[in-house]
Student: 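My questions all concern the structure below.
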Amino acid sequence: MKRFIPSHNKEKHKMNKAKRKAIIAGNWKMNKTPSETTAFVKELAPVVKDAECEVVICVPFVDLQNAVEAAKGTNIHVGAENLHWKESGAYTGEISAAMLCDLGVEYVVIGHSERRQYFAETDETVNLRTLKALEKGLTPIVCVGETLEERETGKTEEVLKRQITVGLKGVEDLTKLVIAYEPVWAIGTGKTATPAMAQEVHAAIRKILADTFGAEVAEKMQILYGGSMKPENADALLAEKDIDGGLIGGAALKADSFVALIESASKAL
Ligand code: PGA
């Protein structure tokens with residue numbers, strides 16, 4: 001596989017993003033077995049060791065142990081794809097924050113649109129999960145985004161505002177979490193928001209954060225884009241001033257394309 005090439009051309013975006021480190025986070029969804037996980041991380045680690053962005057892989061629960069083991073001593077951070085908000089107890093099939101922490105997991109995806117759509121997640125449960133993750137020292141990647149119908153009926157901002165204000169209610173230090181803007185119509189469909197469309201929404205999200213939590217903290221927040229991000233469109237998306245990285249599904253499953261995205265994010269810092 002090609003070697004990672006650090007970028008030396010950062011002047012252009014230095015001012016905009018100086019306060020925010022880019023994050024490239026893979027969201028594997030229901031893909032890869034534990035042994036495939038070990039092989040993937042071993043392949044990835046030497047190639048991305050000089051990455052200038054944060055490298056995260058969010059993997060299925062059963063892959064976490066292998067991912068953490070293989071990522072030890074590397075700059076790859078491991079995340080889960082969900083957690084339950086209760087401390088422990090009679091919740092068959094669920095996974096607690098303490099279990100994730102004990103494994104050495106650092107990040108957790110919360111409120112992904114697939115969880116909202118297929119598993120009845122609501123803004124209220126997103127809020128409960130986010131608060132529990134923060135309490136235990138995990139970094140939540142909280143997903144927000146509108147459906148096609150909501151976009152077409154002009155409800156994008158209203159939906160985002162509700163998802164953010166309800167989902168993040170009671171959060172004391174907003175900088176301990178990451179937001180991922182994922183327009184539902186762009187996830188796994190090959191349809192990407194154009195860089196201008198994505199930037200417009202990212203700026204709107206930053207404004208909602210500023211109005212709700214204060215301008216200073218909003219400026220520090222990392223807002224990732226997700227939805228068919230791939231090597232072909234990453235440079236243009238990541239060059240936008242309010243796009244601080246990506247939450248990546250399909251293109252995170254192959255080391256080559258994931259590395260290309262990490263290179264793009266390092267350039268855009
Ligand atoms: P995609 O998924 O990159 O395959 O569109 C993104 C996500 O759902 O996080």
Side-chain angles (χ1 to χ4, degrees), residues 22-32 36-37 40 44 53-61 63-64 67 76-83 105-121 126 129-130 133 139-148 150-151 156 159-160 163-164 167 177-195 197-198 201-202 205 222-238 240 243-265 268:
I23 301 175
I24 290 294
N27 172 22
W28 286 7
K29 311 192 179 188
M30 198 171 72
N31 291 293
K32 292 195 195 291
E36 286 167 349
T37 301
F40 182 92
L44 186 67
C53 63
E54 181 100 336
V55 179
V56 184
I57 51 169
C58 299
V59 306
F61 289 131
D63 296 340
L64 286 168
I76 299 170
H77 301 266
V78 176
E81 298 178 12
N82 195 16
L83 86 175
V105 170
E106 294 174 83
Y107 284 83
V108 58
V109 177
I110 295 178
H112 190 279
S113 63
E114 286 148 19
R115 302 291 320 168
R116 294 178 191 256
Q117 192 180 345
Y118 305 131
F119 303 99
E121 293 253 342
V126 167
R129 290 177 212 273
T130 301
T139 302
I141 302 176
V142 179
C143 302
V144 297
E146 80 287 3
T147 62
L148 187 59
E150 286 162 347
R151 170 165 281 264
T156 300
V159 168
L160 293 168
Q163 291 175 337
I164 289 169
L177 62 84
V178 174
I179 307 264
Y181 167 58
E182 301 207 313
V184 179
W185 48 271
I187 295 175
T189 57
K191 282 187 206 156
T192 328
T194 63
M197 271 158 90
V201 181
H202 278 238
I205 291 173
Q222 290 146 306
I223 307 176
L224 314 184
Y225 172 79
S228 301
M229 189 188 262
K230 48 186 182 266
E232 296 75 29
N233 58 28
D235 278 353
L237 284 162
L238 293 166
E240 293 294 345
I243 302 183
D244 306 310
L247 181 61
I248 294 115
L253 295 173
K254 291 227 164 68
D256 267 340
S257 48
F258 194 52
V259 168
L261 296 174
I262 291 164
E263 286 176 351
S264 289

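The analysis underlying the following values was restricted to heavy atoms, covering all of them including side chains, and did not include hydrogens, waters or symmetry mates. Throughout, residue positions are numbered sequentially from 1 according to the sequence presented. Whatever order the structure lists ligands and atoms in, that order sets their numbers, starting from 1.
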Student: Looking at ligand 1, would A251 count as a contact under a 4.0 Å heavy-atom criterion?
Tutor: no

Student: Using 0.5 Å steps for rounding, measure from the CG atom of L224 to the CD1 atom of I141.
Tutor: 6.5 Å

Student: Is K230 close enough to touch ligand 1? Criterion: a residue heavy atom under 4.0 Å from a ligand atom.
Tutor: no

Student: I want to confirm something. Looking only at heavy atoms, which of E114, M229, K191, E182 is nearest to atom 9 (O) of ligand 1?
Tutor: E182

Student: After noting the C-alpha distance and the side-chain angles of H112 and I187, does the key distance pass the side chain to side chain contact (heavy atoms under 4.5 Å, CB included) rule?
Tutor: CA-CA 10 Å; H112 190 279; I187 295 175; 4.2 Å; yes

Student: Report the C-alpha separation of K32 and I57 in whole Å, then their side-chain angles, then the decisive distance to 0.1 Å, and conclude whether the side chain to side chain contact (heavy atoms under 4.5 Å, CB included) test is met.
Tutor: CA-CA 12 Å; K32 292 195 195 291; I57 51 169; over 6 Å; no

Student: Using a 4.0 Å cutoff against the non-hydrogen atoms of G250, which atoms of ligand 1 qualify?
Tutor: 1 (P), 3 (O), 4 (O)

Student: Tell me, do N82 and F119 make a side-chain contact under 4.5 Å, heavy atoms counted?
Tutor: no

Student: With heavy atoms of A186 as the reference, note each atom of ligand 1 found under 4.0 Å away.
Tutor: 5 (O)

Student: Name the closest protein heavy atom to atom 2 (O) of ligand 1, giving the residue it belongs to and the distance to 0.1 Å.
Tutor: K29 NZ, 3.3 Å

Student: Going from NE2 on H202 to CD1 on I243, what distance comes out if it is rounded to the nearest 0.5 angstrom?
Tutor: 4.5 Å

Student: Starting from atom 6 (C) of ligand 1, find the nearest protein heavy-atom neighbour and note its residue, name and distance.
Tutor: G249 N, 3.5 Å

Student: Go through V126 and R129 one step at a time and tell me if the side chain to side chain contact (heavy atoms under 4.5 Å, CB included) criterion holds.
Tutor: CA-CA 5 Å; V126 167; R129 290 177 212 273; 5.9 Å; no

Student: Heavy-atom distances under 4.0 Å decide this one: backbone, side chain, both or neither, for N27 against ligand 1?
Tutor: side chain

Student: Can you sort out which atoms of ligand 1 are near H112, meaning under 4.0 Å from one of its heavy atoms?
Tutor: 7 (C), 8 (O), 9 (O)

Student: Can you find a non-hydrogen atom of G226 under 4.0 Å from ligand 1?
Tutor: no

Student: In ligand 1, which numbered atoms sit nearer than 4.0 Å to a non-hydrogen atom of G188?
Tutor: 1 (P), 4 (O), 5 (O)

Student: Any heavy-atom pair between the side chains of L261 and P231 that's under 4.5 Å?
Tutor: yes

Student: Pair R116, T147 - check side chain to side chain contact (heavy atoms under 4.5 Å, CB included), show working.
Tutor: CA-CA 11 Å; R116 294 178 191 256; T147 62; over 6 Å; no

